Number of protein chains: 2
Amino acid sequence: MAPVASSDPVYLRVVADIRRQILDGSLPPDAPIPSRAQLTRRYGVGETAARHALRVLAAEGLIVARIGSGHYVRAKPVLLPLHRWRFHDHHVPFGADLHAQGIRTTWDRRSEVVGATPDIAQRLRLEEPAPVTLTRYVFRGDGKPVQLTTSYEPAGFGEPAPDEAPRALIGRMSAHGAKITEVVEEVHTRIPEPAESDLLALPAGTHVLHVERTHWAGDRPVETSDIVIPGDRFRLVYAHPLHP
Amino acid sequence: MAPVASSDPVYLRVVADIRRQILDGSLPPDAPIPSRAQLTRRYGVGETAARHALRVLAAEGLIVARIGSGHYVRAKPVLLPLHRWRFHDHHVPFGADLHAQGIRTTWDRRSEVVGATPDIAQRLRLEEPAPVTLTRYVFRGDGKPVQLTTSYEPAGFGEPAPDEAPRALIGRMSAHGAKITEVVEEVHTRIPEPAESDLLALPAGTHVLHVERTHWAGDRPVETSDIVIPGDRFRLVYAHPLHP
DNA sequence: AAGTGGTCTAGACCACTAT
DNA sequence: TAGTGGTCTAGACCACTTA
C-alpha cells in the first residue's frame with residue numbers, strides 16, 4: 001500500500017496528485033487523464049471518489065471531458081483582447097479587435113419601449129414607471145454570438161435608425177441636446193444565466209464578464225447598458241493616459 | 001404521479017423546478033431548500049439525483065449549503081465598487097472605496113530581485129534572463145485579505161522604500177527619468193488558484209477578477225502587475241471622459 | 001466490441017446543527 | 001436525538017467514441 005499522509009477526503013488525494021502533475025508539466029495540455037476505472041485501480045478508491053475527483057478537476061478548469069472518449073488536460077484558452085476605449089479615440093467600433101484576428105463580425109438588434117424596472121430607473125435617475133427604449137443587440141463573430149448587450153435610454157431621444165451603428169449613440173444623443181461627457185463601465189464576473197449559456201454556447205463552468213456601461217451628459221445619465229461577454233474567450237482592455 | 005414532460009436527466013427536473021421557484025420569488029433569499037431525503041420523496045428520484053441537483057444549484061450560485069443544517073437560497077451578494085482610476089485624478093489610493101464603506105484597510109509587501117520569467121520578460125519587453133524586482137502585496141479590509149498584487153519592475157529603478165505607498169510608483173519612476181504616460185489594465189475572469197482561495201477565503205465556486213496592469217513611459221513598459229480580486233465581493237469601475 | 005463519461009439506484013458512515 | 005450535508009462503496013445502464 002502507498003503511504004497515506006492525510007486523513008483528508010479520499011477524492012482530494014486523487015485531485016491533489018493529478019493537479020500537481022498538470023501544474024508541473026508532467027501532464028502537458030491535451031494529455032489524457034486516467035479514466036474512472038483506472039483511477040479506482042490506481043489509487044485504490046471507489047468509483048464515486050474517482051468520479052468526484054474528475055468532476056472537481058473539471059470544475060477547476062484543469063481538465064475537460066470528451067464524452068465517450070476521456071478526460072484531457074485543458075489547454076489554456078487564448079483570451080482575445082476587447083479594447084473598451086482608447087485615448088484620443090473613444091470610438092472603438094465593435095469588431096475592431098475581432099477583425100484584427102481575422103474574424104468576421106456581424107450584429108443585429110431589436111428595440112421596444114417598455115416601463116423602466118426599479119433597477120434601470122435608478123441607473124437612469126428616472127421615476128419608476130417612466131418609459132424607456134430597450135434595445136437588445138446580439139454581436140456575432142463568424143456567425144456565432146460572442147456578446148450580448150441590452151441598452152436602455154429614456155424614451156424621447158428617438159429610436160436608433162434601423163441601420164444605425166451601435167456606437168452612433170453619441171451623435172444621436174448630441175442631436176437631441178445631450179452632449180455625452182463621460183462613459184463609465186463597471187465590470188464584474190458572474191455565472192451566466194441559462195439563456196446566456198445557450199446563446200453564447202458557453203462550456204459548463206465558464207463565467208461571463210458583465211459590464212454595466214453608462215453614458216453621462218454632465219451629471220445626467222442618458223443611456224445605460226448591460227454587456228455580457230464570455231469569460232473564457234475575451235479580456236477587456238482599458239487604457240488610461242496620465243495628465244497629457 | 002406528477003405529469004412528466006421531458007426525457008431529460010432526472011436531476012434536471014429537480015434543478016429546473018427549484019430554479020424556477022428561486023427566480024420567480026416563490027423561494028425568497030435565505031429560504032430553506034428541501035433536503036436530499038425530502039427531494040427523493042417529493043420528486044420520486046434516488047439519493048444520487050437529489051444530491052446532484054443540489055450540487056448543480058450550488059454551482060450555479062443559486063443556493064448555499066450550511067453543513068449539518070441544510071441548503072438555503074443565496075442572497076445576491078453586494079459588489080463593492082473599486083474605482084480603478086478617475087478623470088483628473090489618476091491617483092486613487094487603494095482603500096478609498098473600502099474606507100467609504102467603513103472598512104479599515106491595511107497592506108503589507110515583500111520585495112525580491114528575481115530573473116524574469118518568459119511571460120514577464122515579454123510584458124516588460126526585456127531579454128529573458130533580465131533581473132526584475134518582484135513585489136508581492138497583500139491588501140486587507142478589516143484585517144482580512146481582499147486583494148493580492150504581484151508587481152514586476154526592471155531592476156534598477158530602485159526598490160520601493162520600506163514605507164513607500166503602493167501608488168508612489170509613478171513618482172519613483174519619474175525620479176529615475178521614466179515619466180509615466182499611460183496605464184493599461186486588462187481584465188479577465190478565472191478560477192482562483194488554491195493558494196488564492198486560501199488567502200482570500202473564497203467560497204467554493206467563486207471566480208476572481210484578474211487585472212494585468214502595465215505602466216508605460218512612452219512606448220516602454222516600466223512596470224507590470226497581476227492584481228487578483230475576489231469576484232464575489234467587488235466590481236471594477238472605469239470612468240472615461242470624452243474629448244473634454 | 002471495448003472503453004468512456006453521464007447518469008442513476010440503494011444503501012452507508014461521519015461530523016455537524018438544531019431542538 | 002433526529003436531521004442534514006459531505007463523503008463513499010458497489011454496482012448498473014446508456015449514448016457515445018474509438019478502433
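Here is the naming used below: chain letters follow the sequence lines, and residue numbers restart at 1 for every chain. For the numbers below, each heavy atom of this structure counts, side chains included, while hydrogens, waters and symmetry mates do not. Small disclaimer: the values here were computed from a predicted structure and weren't measured.
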Per A:R36 side chain, nearest of listed nucleotides C:dT7, D:dG6, D:dC8 | C:dT7
Donor-acceptor pair between A:D24 and A:S26 side chains, under 3.5 angstrom = yes
Give a yes or no on whether a salt bridge exists between B:E196 and B:R190, defined as a side-chain N under 4.0 angstrom from a carboxylate O.
-> yes
Select from A:A50 and A:I67 the residue whose nearest nucleotide in DNA chain D is closer to the 5' end of that strand.
-> A:A50
A:S225-A:R213 side chain donor-acceptor pair, cut-off 3.5 Å = yes
When rounded to whole Å, the CZ to C1' distance for the pair B:R55 and C:dG6 reads 15 Å
How long is the line joining CD of B:Q38 and C1' of D:dA2, in whole Å?
-> 13 Å
Could you give the CG-to-P distance, from B:L12 to C:dG6, as a whole number of Å?
-> 13 Å
Length of the CG-P vector between B:L54 and D:dT7, whole Å | 14 Å
Counting just side-chain N and O atoms, does A:H52 come under 4.0 Å of either OP1 or OP2 of D:dT7?
-> yes
Compute whether any side-chain donor of one residue and acceptor of the other, for B:D97 and B:Q101, lie under 3.5 angstrom apart.
-> no
Would you mind classifying the nucleic acid contact of B:G46 as base, sugar-phosphate or nothing, using non-hydrogen atoms under 4.0 angstrom?
-> sugar-phosphate
The nucleotide from D:dT7, D:dG5, C:dG6 with an atom nearest the side chain of A:A65 is C:dG6
What is the distance, rounded to the nearest whole Å, between atom CZ of B:R13 and atom P of C:dC8?
-> 10 Å
Closest of D:dG5, D:dT7, C:dT7 to the B:H71 side chain is D:dG5
Establish, from distance only, whether the side-chain atoms of A:S151 and A:E153 form a donor-acceptor pair under 3.5 Å.
-> no
N or O in side chain of B:Y11 less than 4.0 angstrom from C:dT7 OP1/OP2 | yes
Nucleotide D:dG6, atom C1' - distance to CG of B:L57 in whole Å | 17 Å
note: A:L39, atom CG; C:dT4, atom P; distance rounded to Å ~ 10 Å
Under 4.0 Å between a side-chain N or O of A:S35 and OP1 or OP2 of C:dT4?
-> yes
Of A:E47 and A:S69, the one whose closest DNA chain C nucleotide lies more 5' = A:S69
Taking D:dG6, D:dA12, D:dT7 as options, the one with an atom nearest any side-chain atom of B:R51 is D:dT7
